Structure formats: C-alpha cells, structure tokens
Amino acid sequence: MADRGDTHYSVPSLNRWFAISSLALLIAALWMVLHDFDRPWKVYQREYQEIEVQRAKAALSTPEAQEAIAEEQRLASEIEEIKRSQAQGGGDLASAEEELILLEDEKAKADARARVAKQEAGWQRFLTDEHRVKHGEDAEYQEMLEELVERERVMMETANALKEITAKVEAKKAEIERLNADLEELETRMKLATKNIALVRKKLEELDPTDPVRRLANLVRDDIPGLDFVGPTLKVRMALPPKLTFELNFTKKPRIDMCQTCHMPIDKEGYTEYEQPFVSHPRQDLYLGSKSPHPIGEFGCTICHRGAGEALTFQRVDHRADDEEQAEEWREKYGWHKQHYWDYPMLPARFVEAGCVQCHKDSLEVIEPDAPKVVEGYKLFERYGCYACHKVDWFPTKRRPGPPLKKVLEKTTPEFIASWVTNPKAFRPTTWMPQIFHLENYSADTEVAISNYGTGRPMMGDEWSDAALASVTAFIQSRSATDPLPEIPLEGDPLRGREVFRLSGCLACHNVAPFTDEERAEVDDLAQELGGTNEHGPNLRGIATKVAPEWLYQWIKDPTAYWEGTRMPNLRLPDQDIADIVAYVFDDPDGFFHDVPEGWEPRLTSYKRDVLEEQARWFFNRMRPEDLEDKFQGPWKADRDLLVAMGERWVLQQGCFSCHEIEGLEDANRIGTELTTWGSKTVDKLDFGFIPEIFAKEAGFEPGSEEEYEAVHEFKAYRENFLQQKLHAPRSFDREKIKNPTERLRMPWFDFTDEEVEALTTFVTGLVEDEVEQARMIPTEQQLAVDTGLRVIRQKNCIACHVLEPGTIEFDDEDGVHHSVKGQMSFFDEDSVFPPSMEHFDRDLANYIADMRDYEEDPEWYPEELYAQLLETDVELGETGTTFAISNVASIRTTPPVGGRFVDLVMRYYVDPWAYNPETDEYDICLTGDPDGEGRIQDVDGEWRDFSEEPFDKLRWTYAPPVLIGEGEKLQRDWFFRFLNDPEVLRPQIRVRMPSFHWEDNEAGAVADYFAAAAEKDWPREYARQLQIQLGLTPAEIAQGIIAELGLSGSSAEQVAGIAEGLPVETAAGLPNLLAFGEAHNFRFHPAVNPIYERIPQRTPAWLKRYFDERPDFYKDVHNLVAGPGGPTCVQCHGLAGRPPTNATPIGWAPDLTLVRERLRPDWVRRWLTDPSKVYPGTTMPANFDLGSEQWQDLYPAPSAEQIEAVTTWLFNLDRALIEN
Amino acid sequence: MGEQLKNAIDWLFEPTRYFAGSVLLLVAIFLGRKWFSKTIVIVAIFALGTVFMLWAPSDPDFRTIITKPDNVPIVILLGSVVFFTWLAMRQAVINDERVKEGKPTLEAELGKKKVFTWPDLVYIEFICMILFTAFLIIWSLKVQAPIEEPAATARTPNPSKAPWYFLGLQEMLVYFDPWIAGVVLPGFIIVGLCAIPYLDPNPRGNGYYTFNERPFAWVFFMVGFILFWVSFVILGTFLRGPNWSFFGPFEYWDLHKLEPLVNVDLSTYFWNFVGKPKPTNPLVREAPGILSLLGFFLLVPPILGKTVLRGLVKSMGMARYNLFMHLLLWFALLPIKMLLRWTINLKYIVGIPEWFFNV
C-alpha cells in the first residue's frame, strides 16, 4: 500500500510493522508446531529403535542365524542355477510359456465368439416364437425357422471350439508346472530355512530400511514436524486394561496406562542388560508376560505401581525414587519433584508390594513367596494385634491378641502387673506387648494447656505416668476374680520335669533364651536360641517370678479354661508330667525360670494423691468442679477408690480392652482409626504435626530457606512417611504441640525395627478402596483352602514340629550346570553325629573343614565331594531318595526346610543330652531326668535307655514329630479332619504330643483341605517328572511324540518342561495332551487326589471278587503273609487291632495296621509298600517287596507286585478280615 | 533483616489491615493526586516494585504462589492497574489545571485533528492483534496450562477457588449467604452499571479525564473497582489459602492453620444485652436486625436527602435519587458487614435459618 500522504501514521512504516508482526506470528506458530513435535518420549523411542536395530543385527550374527543364511545362499544359488540353465537351454520352459501366451489369447477370442453366437441364437428363438403366435406358421415363419437352425449350429460349433482351446491351455499350464516343480520345492525349502530369521529381517527392514524410498518414508513420518500424524512409527503406546477402572466423580473411568510409550520392552523377555526405560520387567513369569498371571493387556501398570498412567513426561507420571541418592540424581537429570496434583504417587521399589493387597486379600498367604514383604507386614499386623485397635473390615483374624484379665490375679500379682505395664520389655525384651506410659508426649518438658479444668499444677512427666500406672493396676485388680485355685495334687520331680518339658513339645513354641544378645551368643542350646517358630509363645525365662504354681498347673492342664481363645494347645499330658514341669519351673536347677533382667523388680507404682486428683479434673471435666471436690471428699476419699475410678478412665482411653478382655469393658469401642481404606486417604488428611519442620531443623536447614521448604514439602507429600514415623514413634506428632492431656495421641510404642516398620508400612499402604472389583482375583475353592489352611497352620505354629516343605540345595555340577533341587545334605562322614544343618550349612561346613584340617594336619585340606539326598523327584538327578555326590563343594548353597525346627531339638536331646557346665568348662550336665546322671532317656515303657549309639535316621523317624511333605497324598481328608479335632495316639513311643488345639470355625477343616489341595496342585508336576524319568524321554521328545504319534497340536518342549516345573499356565494348557501321551505309553501314576470324593476301590465287591475267585481264603492267606513267620513280619513293628508290636523295644514301633483303612489313601499305601524310601527317605520301614525277585511264594504264591496289591486290598478290608479270622 | 521485612509484610496483609490500608491508600491518592501524578512517582513505584520482585521470590512460599501458571496474569494485572490508574490520574490532573487556566482539555486538543479509520485505526489494530496472538502463543508454550488433579466432586481441591475474575464474588461469600452474595449483589452490580448513564445528572467530564468535575464518580469508581474488585482478586489469589484462611504472602500455606472464628448473630447480642431468652418466633427474635435493615434502607435516603445530599435530590429528582440511594446502600452493605464481622464477629444481621433467610 502506497503512502497517500494524508494519513496520521506513515503507511510504509505500518507496512514494516505489519511485516515484522506477521513474521513474529509465523515464528510463534512454527515454534508451536515444533514444541508439539518435540516430546521427551520420542527421545526414548528413538534410542529404543537403535537398540532394536543392534539386537536384530546381533540376532543375525549368531551361529544359528549364520547357518540359516548360508543355507539360504546355497539354495538361492541352486535356484539361480536352474533358472539359468532353463534360460540358456532356450529350453522347453521358455517356449512353453510363449505358447501359453498365444493359446490364452486364442482362448479369449474363442470365448467371445461363443458368447455372441449363444446370444444370437437366443434372440432368433424368441423372434421365431413370437412370429408363430402372432401370424401363424406362414412362409416367413419357415424362413425364420431355418435361420434359427443355422444359428444354433454356429452356437454349438463355437462352444466346442472353446472347449478344445481351454483343454489346450490347461495342458500347457500343467506342462509349465512340471517344468517348474524343482524350482518350487527349492523355494519352499528356502522359506523354511529362513523362517526364524525372517521376522528379524522384517523388523530390521522396518526400522533401518535399505530401500531408499522406505528410508525417506520413515524420515517423513517421524522426523518432520507437523507431518507426524501420517502413520508415524514413533507413537504413544498404551495398555487399556478392560476391567480396571479409576474412581472419578462416583463413576468408574477406564484406566489408561501409557507407560509403555517410554518403557517399550517392559513386557518382552530378555532386555536385561540395558538401563531404564529399556529393560524388561524383572519378573516376566509373574507380571506382564503373555503367559504370566498378570498379562499387560489385562492389568496395565498403575494398578500395582500407582502413579499417573496417562502422563507422558517423567515428572507428570509422578515417578518415585527409592532412596535419597536416586532422588538427587533425578532432580539433577529431570528436575524431578513431587507431582503435587496426583494423589497416588508411584510406589517406590521398597513399598511396591503394597499393590498386591487390593486383589489378594483372600490369598495373601499363597502369594508369600513372591511378595514376602507385604505378607510379612500382614503377619506383623496380626501378631502385634494392630487389628484389635484399627478396624480392617476383611481382616481374617478377629480374636483379642492378649490374654484376658478377668482372672489375672490367679496368675500373677498386682506388683507384677504394675511393673509389667510400666515397661513390658524390661521384663521380657521379646514381648509384643507395647509400652503405654512414660512416653514422649507425657514427658516432663511437655507443656500443658492451662484451662478451667485443671488447677494449672505442672504435672506432666513421671509423676503423671506413675499415677496413671497405679490407677490402671488398681483397676485391673478390682476387675479380676479372686477365687483361690486348688492346690497341685501331686508332688513333682524337677529333673523329670526338665525331660518332660523338653520332650513334650513346650519348646516348639516357647524358648528360654537369655535376655541379652551377648548372653545369647554364647549359648549352645537350641532351646535358648531365638528364631522363628520357638518365638510363637512367650520366652519363658523368668516365668517363675511371674506366675503362681497352681495357675501354671491348671494352665498346662487346660489352657482354654483360663483363656478361651488362646493359641496354646492342650498337650493332654498326664497329671504327673504337669506336676513335674511345674516342679521344674519353680525348683529350677538351670536357673532359667528365676532369671530376670538386670534391675527388674516387681513393685507397685508410687503415686501422689494431688496428681491423681488433677488427672480426675481433666478426665471428669464435664462435672462441675464443686461436685468433683465433693467426690474427692466422699466416694473417692480413699485413695484406692479414686485409683479404681481413674484406672477405668485410663484403660478406656488407652484402649487396653482392645487386646485384653476386661470385665465390664467387653463391648467398648476400638480406639484406633479404621484402616480398611487408609491407603486411599489423601495425604492432606493426615496430621503430620510439626514433625516435618522439626526434622528439617534437625537436618540443619534454615527456617524459611529453600532447603527447608523442599524438605518439609517432600516429607508431607507421601503417606508412607507419615506411617513410618507413626510406627517408629507413635506419639511424635504431638511434639511441640500444646494439647489437653486427655486429647494426646495414644498409640502405644512397639519398638519396631526398621524392617518391621517397612513391612507394616507396605501392608497398610496397600489397604485401598477396592478399585479392582471386576478384575479382582476370585480364588478357587482350592486356593481359598490353601490360603486359610496356611494361615491356620501359621497361627497354630504347626511348622514348629512338622516339616512342610523340604529344603533346597543349589550347586553347580562338574560341567558347571546350575542345579536347584529339593533335598537334604547327608552326613559329612561316618563319624558325624548330626547331619549338617541346612540353616547354618556354611557355618557347619566351615567347622567341619577346620576340624579335618586339624585332624589331617593339612592346612589345605578341602572336601572332594559331599553327598546329598533328593526329597523330590528331579528330572536330571532321579527320584525321591536318590543320593548324589556334589564335587563342586564351594558352589553349594542351602535353604532350610520349612518347619520342623523342634525336630532338631528332640534329636539333639536323644543323641546328645548334655549341656555345658560353666563351672567345669565341660559338657557334663545331664539334661534328662536319668537318676544315674548317665544321659539315658526314659522310654514309654518306663525303661531308661541310652540312645546315643542309635542311627540318626532311626531315631528321627521313631521319636520326632512326622514330616508332612505330601501329606495330602497320604491321608484321607476326613480322617485327618477327625484327627485334628480329636488326636488319637498313632505312635505311642513318641514323647512329643500332637496337641489338642482349640479350633475356631472351620480351622481344622481348612488345614485338612490345605494338604489335600496342595497334593492335588502338585500332582501334574510330579506326573510330568515321573513320565520323563520312567520313559527316559526329554521334554522335546515328548512334545514331538504328542504331535507325531497322537496327532495332537499345541504341545512344545517348553510346555512340557513348564508342567514339570509347576507353572500354572503351562499346566492348564498342556496337561491333557501329556496325559494322553502317558496313556498311550502305558505309563501309570497314582491318580489325582480328590478331596471331596474319597474313592476306596479296594472295598468294592467287584474288586474283591477278583481275589476271592482265585483264593477262597484270601484274607487268611494275606494274613499269613503279613503276620506269619517267614514273611515280611509286619506285625513285628506294627500293631494289629490293638495287639502291640511283637518287637520288644519301643524304638521299632509303628502305627497299628487297623488304622490304614480310614486313614490312608490306597494309592499312597501301594507306593509306600513298593519302596518306602522313595516316599520318606531315611524311614525305618524297609522295602519288603522286591519287585525284581519273587519272595514268600510259600506264603502267597504271586509276583511281588501282586503281593503288594493283595496286601493293600487286605489292609483296606481289615475290618472284614478280622471278623473272619 | 529479610526475615523481619517478610514478617512485617505478612503482618500488614492481615485482612483488616489490608483492607484498611487499601482505603487509606485511596484516600492518600485522592488527597495527594497532584503529587501522585508526577512521573517520578510512577518511576519510583516501578523501581521499587522491580527491586521487590527481584528479592521476594527468593522466598519459596512467595515464589510458589506468584509463579503458579494461573496466577501469573494477576501479577501482570497488578502492574498494569497501577500504571493505568496513575496515567488516568495524571491526565485528569493536567486537564483540571488546563480547565482552571481556561485552556481546552488534552482530549479536546487532540480531537481537533481527524484521522482515517483506514489505515490509522484498523491497520494498527490488526498489527496489535497479530503481535498479541504471537505473544499469547509464546506465553502458552513457556507457561504450561495449570492442569491439576482429576476433578472429583467428592474430593474438591483445598482451597477451591473460582476463576480469578470471580474471586471478588467469592470473597463476598465469606460475609453473606449465597443468595445475596451470589445472586442479589451481582444482579445489582449489573443493574447499577446499566443504570449509571440514566442516574448521572452531571453533564461534565464526557470524553476526557477529569477529577475536579466528577469527584464523586471518581471515588465511587475507585472504591468499587480498585477496592472491591481488583483488591479482592489479589486477596483471593494470593492471600486466601487452604480452608479459605488468610495467609501472608510469605507465609506457608499450612493446611492445619486454625483461625478462631466464632461468629454471633445480631439477635444473640441483642437478647443477651436485654438479658432475656430469645423469643421462639423468628420474626420477633430477629426484630432488631429486621428493624435496623428497614431503617437502613427506608430512613437513610430521606434523612440524607433532607440534609447533606439536598443538592443531589434537587439535581436528580426524587425518583432517580431513591433508585441511586438504594443501589448505593446495597453496595455499602458489603463494607458495613465486613467491618461488623471484623469488629464484633457479627454473623448475621437477620438470621432466620428456618426460612433460609439470612442477611
């Protein structure tokens, strides 16, 4: 626009401005496009593409790939050769192909001609017909008729010509195909050879194309801003779990997890050597993998990890560092800080298991191996009785965790109560009872608010807590019944008591460990070590200073009489045994039971009357002050009455009744916050008090400074911080706060360790609102049985006495192949008294080596090999019971078996019943009640015997509680259930008692079901292993057999191996094929355990008919075989119908055969009779029936296998057989 | 030193002081307009402001609040309001001088020259539009949109704030029931703004800045816009924190900060003073409040009309005067209620929750 000269502004300068501003807008717009194009995740995707290219190239350079490529080249040159020769020969093929083209052309022409002729003939027919109808058959009609005939002739002719030429074309084609056959075959072979590398090549061609056009296309799609909407290869990737939702405005919004956009190979296997985000999930078998129980398509990421799944930048996702070091690194690298607008930040690695709880409430026990920390938290939550104060509505355990106080004066004295409540750990450092008084928010320097209620007397600190303690003691005393207990009717023998105490099972749950770590480090007695199962009940050290003898007698006799919900079982001990134990405890030759920690002394707490009154003014602040003063002068004039009145207030306020049943307070309300959905509570609802500021100050940050601000904000941003602080110092949120004394925090102090706090925090953080309703795992009946069973087993401490799972031995064989097998280590040498412990194998081995070096006088001595025994079939090493040598001793790692610690104690007692005597510095204290002090042990027949020379295995199977590995396969579920409810004596020689537990609801049923379910679950795995061993086939051969012989599809070597490893997905998919294969190869394996329907085919008439047809005196015959002389003489060790074994000494005794029918499963009995050492390696039961030879033909003429079958049948019909006899 | 200054500023920004300070500042501008309109003043204000804005953001609390993406415009608003207030003041002062000297106003001087709509107006508007669009694009690229947590009715953010331009209304909600603060008063604002041309009897001051010719209009506008709109926006943006509590600009937004607010109805004061229990009939119970309100609306206009505002009645006529006075009284109700709240913790003048009628 030109300047007209009459405008206010100069037009050229306006034009310039217009140009400048337009340019600015253009730049801004371009910037916008660039900004939109430039996403941080694209950087990762590009890097990932490079990794993929590298991997593809690496995959193409493996020897297998090289071989395939070589094969491909060879075939290609062959094809080339053939083609060349064909071309050169000028040969048949070329001319045939040329001819074909000509023929095809001709065919097309003929086809056209035929069609025209057909149409013309049709038209002529119509005209002719029409003419006849309209004009009759006149001359013209005749002409038309002739014309029609002619046309039909032409039609026929052309049709025939087409047929002919078509035949020629087909012939030519066949000829060409024949000439090409060789070539086609070669091409097919080439395709097969390159099948495995074709995918890699395809990927490589996609990512890094050699074709310039594709290269250009990739460039345009991914690298030109503004064009990235045209099918880019770099794009946002997401998981849309179909059933998982997110609560938003009372509606369920589907979850969208875009994490894969950066974490691209997260659901792929094998990306282990890269850095985040280019790594695979470390547990592909459990998470994200397509065969895992949590595939990525169904679960996504945030349901477990939390964080903002729809965000695409490092910051907005709300990543979470696991430690300060990582956080610092992130801050520098990504400018990371808490994303304030996301309420559920990602869980840091140390708490990540919290994500399991929401789905696995019914299967926490089952997932323990894979989620140990959160399950540990759950167990601690139960053990410390958190649920008693804090409601968690689905929590399975309901009972009050502490003993009732309704008759507490029968048990102990008010002095003990006072000192105990003051600080429980002062008397018993391992107790779970928390400390309630003398905590920080009642310390002397706490400020007290002045109000109308109190008189303003400074009164915090010790005198305040002491007055409270005196009140609580007085109150508990006032609510306890005081009927005196009857005298102990029998005189006890302390030395015999010690033996009963050690052998009956007390030490399975209790220990007598010294109080301090230093003292414990010196003891050489399992009973004095702290460790797992023997901490189930309280440490009994010092118990004689706590309880009354009469009470102890009644308690052991029937624990439920005092405490209905106690976990202490009834051992059904004879009165004399109980009296002996009581005598041992109170007339204590070992000094355990009168030992108390230094400075401990039971005494009543002193208090000041005016402090008590002041407390009353606070607690009864709704009363008018005058009325209160009247009460001080009237009903509360006596200190005792004021103490009781105040004690009730304190007990109600501090919530003692939550754990302990107290007369009159049975229905009081819990004092803790409900935790059912605590993890969903937003952090702003948590009162951190001044703790973040105090911590920042302690860390040396200037108030108001940048660092302080950040430290405070970060602390307050995460709910786990609150929880950890609360658990470590429950009352610390009162710090620096002026609070009314009755309103202070009241959670007691448990003195948790850091590990415990972390586990509990993980569990409680996992208690969230149920977001997974539709996708939640619904456990099968079997899974529920396993979960409940495991819980009950834990709560009843079954694993103290019984081994549930064998230990694991890991080692490298001579070829360097790593093995991990279930088994046990054998004795180091013939002179060993005990086999090495699996728990302290390293220590035992080191000791052994040191001893041998001394003995051999060779400082370099090292064992050449060690022996171990399989406790579970291993495909490579053999069946259960196989002993094998490990030559690479240094590579051995052992994991102890689950359960059975008490067995070690019993064994030690039988084999080596001596204790260390500090006075003589020798092992000369005889722990048994042997009157001669020779270390002999009283057997059940009353004889004193020396067992130190007996073989270890024999003692183990005779006197220790039985192992329960595979017990579900052995026992009939109903019998087991009955036995748990009312134990009967199976092996009278065992001094350890199977206790009578107090079962609640269906706990006994759950235990029985657990074993049945576990056996059922284990069955396919065992089947697959046995199949491989007995048929001598590898998984690959079996898979091949299934496909080739049976014509079934879908099996693979991995699948068969997966079944043998017990992988659920593989088992579900591949078991039917495997069973069919076993069937086809006549492989027999005992059938699945069906816990619901117990099948005893041996008792059916059809079954029995087989035997009686052959032998009319079948029962008698078998009886002769079993019991008669010259046979296996089973009755030597086994009782029969109440008749004791003929073997004189109890060491050989075994259960009565009459029990078999109701107790055992027939398949197990058959297996047992065949070879007991393959069921329980080391058992004293011999393998009587040798399948390799024929025995006892005079007693029962039949092959051994049939003899076994006959004995089994006889055993299951023993009730009938005995009547007949 | 810095800490003390921060504390002093926090102290100053306590709501009553903030409000009283704003009033005093207005009075000072009003009285010292000649001095205020000097160039040196605005230069000094901006120089001081710059120094302040260089120093203050070193405090994390202050920085957090002013750099929130949705608060940045308010910071810009602050500067522009000050500048344009100064500019208008300056023009008005100059014009008043010129009128006194018998010269035409600056605008009249300018108005002598005519220019073309195109290109002198439309072209530069177009250029401005382009530049401003470019500026907005760049701003939106550099300061990301303030996206917060997913909206959820069951879990509203704390504090839950209206858009910045509604923060004045939201502030009124602190003192009045929603039906007054949210319906009646905004209604009167719109009606009142529409009515201004019809109520205004003063023919002078059209098309140019002036002060002397329209002192009442000036004061009314400054109180209404600066005090009750802009300053409430600032207050709502920077000083209202969680639970709608007050926080100084350097104060940490502590969720657990407690403010002792026990508000009492007028009727409670009255019946306590009389020493009798409250009557059950709500009309009788609330009679003191009802009567004061009736007195406020029905007696104040005639009394003022008969006395100090006699001249106004004359120039406006009775009908316009009454309409104007009622609008003014509704407007005055807000500061009155605020004062009563701050001084005697008054909750309601008339409180009849039975009928949802609270004033």
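Since the model is a prediction, treat every value here as computed from it, not as a measurement. Throughout, a chain's letter reflects where its sequence line sits, starting with A, and its residues are numbered from 1.
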Contact part of [X] toward chain A, heavy-atom cut-off under 4.5 Å: side chain, backbone, both or neither?
X       : answer
S140(B) : neither
I127(B) : both
F135(B) : neither
N158(B) : neither
Q144(B) : side chain
F250(B) : neither

Do any N or O atoms from the side chain of Y252(B) and from the backbone of D61(B) form a donor-acceptor pair under 3.5 angstrom? no

Has R240(B) got a side-chain atom pairing as donor or acceptor with T237(B)'s backbone, closer than 3.5 angstrom?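 A pair under 3.5 Å: no.
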
Give the intermediate values and the outcome of side-chain hydrogen bond (donor to acceptor under 3.5 Å, both in side chains) for residues T210(B) and N95(B). CA-CA 6 Å; T210(B) 175; N95(B) 278 347; over 6 Å; no

Side chain proximity check, V183(B) to P178(B), heavy atoms < 4.5 angstrom: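 Answer no - side chains too far apart.
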
Heavy atoms, side chains only, cut-off 4.5 Å: are K737(A) and F690(A) in contact?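 With C-beta onward as the side chain, the pair touches.
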
[X] versus chain B, heavy atoms under 4.5 Å apart: side chain, backbone, both or neither?
X       : result
L686(A) : backbone
H340(A) : neither
D687(A) : both
S22(A)  : both

Side-chain donor-acceptor pair under 3.5 Å between E674(A) and T676(A), yes or no?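 Yes - a donor-acceptor pair under 3.5 Å links their side chains.
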
Between T682(A) and D684(A), is there a side-chain donor-acceptor contact under 3.5 Å, judged purely by atom types and distance? yes

For residues [X] and [Y], establish whether the separation of their ring centroids is below 6.0 Å.
X       : Y       : answer
W342(B) : Y18(B)  : no
F722(A) : F733(A) : yes
H8(A)   : Y123(B) : no

Using heavy atoms and a sub-4.5 Å threshold, report which of residues 104-117 of chain B line up against chain A, by residue number.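 Counting heavy atoms that sit under 4.5 Å from chain A, the residues of residues 104-117 of chain B involved are K113(B), V115(B), F116(B).
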
Residue pairs involving residues 690-702 of chain A (criterion salt bridge (Lys or Arg N to Asp or Glu O under 4.0 Å); sequence neighbours excluded):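 Output for this query lists E693(A)-K716(A).
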
